[in-house]
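Step one of this worksheet: look at the structure below.
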2 protein chains.
Amino acid sequence: MPERKPRKDAARNRAAVLAAADTLFTDCASPDDVTMADIAAAAGVGKGTLFRAFGDRVGLIGALYAARLEPVEEAVETGPPPLGPATPPLQRVPALLDALLCFKLDNRHLALALEGTGSGSPYQAAHYERWHALLRDMLEQLPGLPDSGFAAHALLAAVRADLVEHLAGEERVPREAMRSQLADYTAAFLRAPRDPE
Amino acid sequence: MPERKPRKDAARNRAAVLAAADTLFTDCASPDDVTMADIAAAAGVGKGTLFRAFGDRVGLIGALYAARLEPVEEAVETGPPPLGPATPPLQRVPALLDALLCFKLDNRHLALALEGTGSGSPYQAAHYERWHALLRDMLEQLPGLPDSGFAAHALLAAVRADLVEHLAGEERVPREAMRSQLADYTAAFLRAPRDPE
DNA sequence: TCATAAGCGGACCCCGGGTCCGTATTCTAG
DNA sequence: CTAGAATACGGACCCGGGGTCCGCTTATGA
């Protein structure tokens, strides 16, 4: 395949934009008061450059998000328990949800910016489908649970960026409290199946 | 309190706008390709009128949403079982979630428009807090469940408009299937407490 | 009927995402 | 090293949508 390597300045600019956007997003109160022009300016670059490199706003945010998310993905795909693939579902499901929660807590504005993108919802983001499939498959291995597809969606909905933001921001729930609440919630759901004693 | 009654034409126009917006939203593919100008035009009214009557876009959508939601609220507050207040929590919780799901199914675009409003999320909509409080209180009466506040959030997240839209639209899950999946999910969660046999 | 306040409408402003194209930079072949 | 093509740059520019403003119209009630 003729995958031509990009020019050096292009690569440098891309990196600069990514870096600038990153700090801007983490510093700002709401993701949508950081504009494309702001980012371009902060990166010392023209708007055109920015759009050529990432296509559009969603593309840029998506790239940032992907970069931040990469460690988590690696930990899930090839890491040690309890996140790695060798873990039995009963421990891995809560571990995954906890990891996702932590990620959203650590990248509030970014996740918010990505999920709140137009009416698109998070449901057409490439990542979402991956997490959903993974979670669904794990749930499927657990006997006696209801429709795994829906359950996976519902569990993922419990760690949606705006909910997390609301809890952390409005309700001032501290990080560890939120983690344990989520763990309890997950546990309650997973405890369900063994009912016919 | 000096609550002056509005002029007749004002009332008429308000109603016209509401009606026009309603049909526009239900007909259109995505909630954000119906603009304020469209609504004004469809209602045969100037933009100014529209903004004076509802403040801003969110206000208008909120008003529409509230109107549509009113029957549900009444059913919950003063209706017969299984939605009404006389129902024991174990039946009322699933009934409430089911009612909410049906509502979102029947008002997809509207709910989508309201929940997807900026980064505001649904969590600052007045209605949300009501549902959350109600659900939390019901959960509280059930022994052995984890933190009711979080659980209420998580359960409500399972019927969020964009998830419902995704399931109905992208995954083509039929209405009744979705209802039963939600019911199963809810049941699994509620079944949890009685574990120490 | 007339005075006054409430309401009306649509031209207008603002601002942000996205585009365009003349110019500058990098790459590559000779 | 150099010339030419290919690629990238940047910021002026466009467009569309939310929200405002103010001179004019219409309801109201004395």
Side-chain angles (χ1 to χ4, degrees), chain A residues 2-21 24-25 28-65 109 112-114 116-120, chain B residues 2-21 24-25 28-65 109-110 112-120:
Chain A
E3 177 116 353
R4 326 229 356 174
K5 55 177 55 180
R7 253 166 57 168
K8 228 177 296 182
D9 53 351
R12 184 167 35 78
N13 280 333
R14 183 183 173 92
V17 167
L18 238 27
L24 280 188
F25 273 117
C28 248
S30 167
D32 48 37
D33 49 42
V34 37
T35 88
M36 294 290 117
D38 290 342
I39 298 176
V45 141
K47 276 177 66 177
T49 303
L50 189 156
F51 279 96
R52 188 170 323 92
F54 299 98
D56 60 2
R57 185 168 229 264
V58 191
L60 168 51
I61 297 178
L64 256 184
Y65 193 82
H109 304 91
L112 221 40
L114 188 62
T117 220
S119 321
Chain B
E3 176 114 355
R4 332 225 357 171
K5 55 176 54 178
R7 254 165 57 167
K8 228 180 301 181
D9 51 353
R12 184 168 35 76
N13 280 333
R14 183 185 172 90
V17 167
L18 239 26
L24 279 188
F25 273 117
C28 247
S30 168
D32 48 35
D33 50 43
V34 36
T35 88
M36 293 291 116
D38 289 343
I39 298 176
V45 142
K47 274 176 68 177
T49 303
L50 189 155
F51 279 96
R52 188 169 320 91
F54 299 97
D56 60 2
R57 184 167 228 262
V58 191
L60 168 51
I61 298 179
L64 255 184
Y65 193 82
H109 303 90
L110 209 50
L112 222 41
L114 188 61
E115 294 192 7
T117 221
S119 321

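Everything numeric in this text was worked out from a predicted model, so none of it was measured. Below, read A as the first sequence line, B as the second, and so on, with proteins coming before strands; counting in each chain starts at 1.
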Can you sort out the partners of A:Phe51 under ring-ring contact (aromatic ring centres under 6.0 Å, His included), two or more places apart, ordered by chain and number?
none
Once ring-ring contact (aromatic ring centres under 6.0 Å, His included) is applied, do any residues pair with A:Tyr65, and if so which ones, sequence neighbours excluded?
A:Phe103, A:His127
Nearest whole angstrom, please: distance from the [atom2] of [N] to the [atom1] of [X].
| X | N | atom1 | atom2 | answer |
| --- | --- | --- | --- | --- |
| B:Met36 | C:dG10 | CE | P | 17 Å |
| A:Asp38 | C:dC15 | CG | P | 12 Å |
| B:Arg14 | C:dC8 | CZ | P | 11 Å |

Check each residue of residues 53-61 of chain B for a non-hydrogen atom within less than 4.0 Å of any atom in DNA chain C, then write out the ones that pass by number, or none.
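Residues of residues 53-61 of chain B under 4.0 Å from DNA chain C: none.
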Heavy-atom contacts under 4.0 Å between residues 41-52 of chain B and DNA chain C, which residues?
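Correct list: B:Val45, B:Gly46, B:Lys47, B:Gly48, B:Thr49, B:Arg52.
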Taking only distance into account, with no hydrogens and no angle test, what donor-acceptor pairs under 3.5 Å do side-chain atoms of residues 43-50 of chain B form with protein atoms, sequence neighbours excluded?
none

Side chains of residues 11-19 of chain A: which donor-acceptor pairs under 3.5 Å do they make with residues two or more places apart or in other chains?
unit_1, atom_1, unit_2, atom_2, d
A:Asn13, ND2, A:Asp9, O, 3.4
A:Arg14, NH1, A:Ala53, O, 3.2

Within less than 4.0 Å of OP1 or OP2 of C:dG7, is there a side-chain N or O belonging to B:Asn13?
no
Distance-minimising heavy-atom pair for B:Ala113 and B:Phe25:
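What the structure gives for the nearest pair is CB-CE2, 4.1 Å.
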Working to the nearest 0.5 Å, report the span between CG of A:Asp32 and CZ of A:Arg57.
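Nearest 0.5 Å value for the CG-CZ distance: 7.0 Å.
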Identify all pairs in which a protein N or O lies below 3.5 Å from an N or O of nucleotides 1-5 of chain D, and state each distance.
none

For every nucleotide of nucleotides 25-30 of chain D, 5' to 3': is a protein heavy atom under 4.0 Å from its base (B), only from its sugar-phosphate (S), or from neither (-)?
-BSS--
So what does the secondary structure string of DNA chain D come out as, 5' to 3', with Watson-Crick or wobble pairs under 3.5 angstrom, [ ] for crossing and | for pairs with another strand?
||||||||||||||||||||||||||||||
Table please: side-chain donor-acceptor pairs of residues 33-42 of chain B below 3.5 Å, with sequence neighbours left out.
unit_1, atom_1, unit_2, atom_2, d
B:Thr35, OG1, B:Ala37, N, 3.0
B:Thr35, OG1, B:Asp38, N, 3.0
B:Asp38, OD2, B:Thr35, N, 3.1

